[in-house]
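Heavy atoms only: backbone and side chains are in, while hydrogens, waters and symmetry mates are out. When a ligand or atom number is given, it counts from 1 through the structure's own listing order.
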Amino acid sequence: MAKFRTLDDIDVRGKRVLLRADLNVPVKDGVVADATRIERLAPTIETLIEKGAKVVVMSHFGRPNGGPDPALSLRALVVPLEKAIGGRHVAFAADCVGEEATRAVAALHPGQVALLENLRFHRGEEANSPDFARALAELGDVYVDDAFSAAHRAHASIEALAHLLPAAAGKLMEAELNALTTALDNPARPVLALIGGAKVSTKLDLLRFIIGKVDVLAIGGAMANTLLLARGKEVGHSLCERDMTETARQLLALANEQNCRVILPEDAVVASELAPGVTTREVAIDAVPLDAIILDIGAKTAARIGAALAEARTLVWNGPLGAFETAPFDRGTSLVARRAAELTRAGKLLSVAGGGDTVAALAASGVIDELSYVSTAGGAFLEWLEGRELPGVAALSDVSRGADK
Ligand code: 3PG
Ligand code: MG
C-alpha cells in the first residue's frame, strides 16, 4: 500500500482541521447503544487539541435521503462526543456548509472543537460533488481522515475533499491501516483466515481473494454448509445455497491449486429449529439427521481450528461460526475466540478481526479487547478483505496532490 501522511507529518497549530469521523453509531431511543467508534476517535481529537488546532468534526449519520431529517441529526452526538474527550465543550453547527458552519468554525479558538451537522443532509456528499467538497474545504486549512469504516464510500467528504487540502490519516485510520496491512500484505506465516457468516454468495470475492493470500482457510457458519454440499455431505434442513454448490466446488479446487488448506466442520451442533432452549445434539458431519439444522460447529471442529490457530502466526477473522445470537449456538465462536485471545496474549499470534456480526460475537465472548486489532468497520473491512482499493484510503495515499497548498 502506498504511504500516507499522519498527524506527525502535518503542522496544525492554529489551523482549522477538518476531521472526517465516522459517528455512524447505533442509537436506540436517543441513546448511543455502542460508543466504540466515538471512543476510538477521541485520541485523534485530543492530539489535535494538544497541538493547538481548531478541530472541526464532520460525519454522516444513517442514510437520510439527501435532505435534512431531524431523526438523523448529529446534535444527539454532541454530549457523547464531549464525554469521550474528557468533558470538553463541543460546539454544534446546524448545517455542515454555508453560513451556519462558517460562523461556528470562525468562533473556534485553538484547542476548541465543533461538530458539523450530518453531511448526508446534502445530496453532494454521496454524489462526491466537487462543489460540495469545495464548500467543505472553505471551512478548513487541513484535512484529516479518521473514518476507515467509511473509506469504501467515494463520497465528497472522503474522496473529493482529500484532494483539495493537505491531507493526513488520523490516529485511528493509521492504526487500522497498519493492522490490516500487517495482517494481509506482509504477514508472519502461516496465516489463517477464519471466515463465517450465512452465505457463500455474499462472500465470493472475499473467498477468492483470501484463498490466494492465506495458508489455511477455516470456514464456519451456514456458509460452511454450502461447501460441505460441494464435498458431497448432506446437511439436512440446514441453511445452505444449493444453487451455489458448483461455485463452492470451484472455490475448493482453487484452494487446492493455491496450496491453501481448507478446514470445514467435521462435526456440528444440530437442533430441530433455531430457538432458545431447544434440545441440541452434537453429531459427526456425516451423520446430520435429515430433519435437523446445523447451528454451530462441534467440539472437534473447534479443537481442530484451535490447533490450526496454535500453528498460525497471523489470524484474519470475519464472520461468526454459528448462530451466535441464540445460546448455546454461540459456543463454537466463543471457544475459538478465547483460544485466539490466549495465543495473542502469549505473543504467539497477531489477530485481526472485523465486520458488524464479528464484533458483536467477539464482544459477547468477552475477548474483544484481547485480540491484536478489532475493526469496527463493516462494509469497508469486507471490501478490504476482497482486495479492493478503498476510495478513502486511495485518496490519502495520493500524497503528491494538495501537499503544498
Ligand atoms: C458503516 O457504518 O458501515 C459506515 O459508516 C458506512 O455507512 P453506510 O453503509 O451507510 O455508507
Ligand atoms: Mg454499513
Which of the atoms in ligand 1, numbered in the order shown and given with their element, are less than 4.0 Å from a heavy-atom of Arg37? 1 (C), 2 (O), 3 (O), 5 (O)
In ligand 1, the atoms that come under 4.0 Å of a heavy atom of Asp22 are 4 (C), 5 (O)
Do Ser129 and Asp131 have side-chain atoms, one donor and one acceptor, less than 3.5 Å apart? no
Quick one: CD on Gln258 to CG on Leu217, what's the gap to the nearest 0.5 Å? 12.0 Å
Going by the 4.0 angstrom heavy-atom rule, the piece of Arg120 near ligand 1 is side chain
Does the side chain of Glu282 reach to within under 4.5 Å of the side chain of Asp267, using non-hydrogen atoms? yes
Within the 4.0 Å heavy-atom shell around Arg63, which atoms of ligand 1 are there? 8 (P), 9 (O), 10 (O)
What atoms of ligand 1 come within less than 4.0 Å of a heavy atom belonging to Arg153? 8 (P), 9 (O), 11 (O)
Less than 4.0 Å between a side-chain N and a carboxylate O, is that true for Glu174 and Lys171? no
Taking the six-membered ring of Tyr373 as reference, does the NZ or CZ atom of Arg40 fall below 6.0 Å from its centre and within a 45° cone about the axis? yes
Can you sort out which atoms of ligand 1 are near His60, meaning under 4.0 Å from one of its heavy atoms? 4 (C), 5 (O), 6 (C), 7 (O)
Which atoms of ligand 1 have any heavy atom of Asn24 under 4.0 Å away? 1 (C), 2 (O), 4 (C), 5 (O), 7 (O)
Is the closest side-chain heavy-atom distance between Ile85 and Glu46 below 4.5 Å? yes
